[in-house]
Amino acid sequence: MNLKLLFALIIIVEGEPEGKRTTYWRSLQDCRWYAQLLSQEDSYYQPVEKAYCEAAWGNPDEVEINSLKVKPKPVPEDNTNEIG
């Protein structure tokens, strides 16, 4: 078994995390960007209850590993009005 350290993006809906809503990322920065994006309301999108990242061991043969070709910069936690 060839485990790699990944970052799991966990999405909470109706108070509980669910496995089918978890994605795995190579980079913490990419994972954080999506967590912030999913947590912010705008005129066309109702945000999820909570989205966060945590380190996780994953087998690349069993899970799809996501990465971004263009890496957006996460918004600092104290300034949630911008999306970078």
Side-chain angles (χ1 to χ4, degrees):
M1 187 178 282
N2 186 17
L3 295 179
K4 293 191 180 235
L5 182 61
L6 305 170
F7 298 95
L9 172 58
I10 310 218
I11 299 171
I12 307 287
V13 176
E14 297 177 2
E16 294 293 323
E18 189 175 316
K20 71 179 182 181
R21 295 188 187 109
T22 300
T23 56
Y24 296 91
W25 296 83
R26 292 187 198 285
S27 162
L28 177 58
Q29 182 176 356
D30 296 349
C31 184
R32 281 189 61 217
W33 185 80
Y34 271 100
Q36 289 176 345
L37 184 68
L38 292 171
S39 299
Q40 295 178 353
E41 185 173 359
D42 69 22
S43 57
Y44 299 105
Y45 176 73
Q46 190 71 7
V48 298
E49 285 176 41
K50 186 174 185 179
Y52 62 93
C53 300
E54 65 180 34
W57 291 103
N59 184 346
D61 298 330
E62 296 176 5
V63 297
E64 180 181 344
I65 302 171
N66 297 292
S67 63
L68 296 175
K69 296 196 187 277
V70 176
K71 295 189 178 191
K73 200 172 182 184
V75 176
E77 295 296 327
D78 60 316
N79 187 359
T80 58
N81 294 329
E82 295 180 31
I83 296 181

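By the side-chain contact (heavy atoms from CB on, under 4.5 Å) test, S39 pairs with A51, sequence neighbours left out. Legend: residues meeting side-chain contact (heavy atoms from CB on, under 4.5 Å) with Y45, ordered by chain and number and at least two apart, are L38, D42, P47, V48. The side-chain contact (heavy atoms from CB on, under 4.5 Å) check on L3 picks up M1, W57, N59, with sequence neighbours excluded.
For residues 13-61, the pairs satisfying disulfide (SG to SG under 2.5 Å) are C31-C53, with sequence neighbours left out. For residues 5-25, the pairs satisfying ring-ring contact (aromatic ring centres under 6.0 Å, His included) are W25-Y34, with sequence neighbours left out.
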Pair V63-L6, side-chain contact (heavy atoms from CB on, under 4.5 Å): steps then yes or no: CA-CA 10 Å; V63 297; L6 305 170; 4.1 Å; yes
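Using a distance-only test at 3.5 Å, with no hydrogens or angles considered, no donor-acceptor pair links the side chain of E64 to the main chain of T23.
Side-chain contacts under 4.5 Å among hydrophobic residues (ILVMFWY), followed directly or transitively, place Y52 together with I10, I12.
Distance check: N2 CG to D61 CG gives 7.0 Å after rounding to the nearest 0.5 Å. Separating the CG atom in L9 from the CD atom in E54 is a distance of 10.0 Å, to the nearest 0.5 Å.
Shortest non-hydrogen contact noted between E49 and V13 is OE2-C, 3.4 Å.
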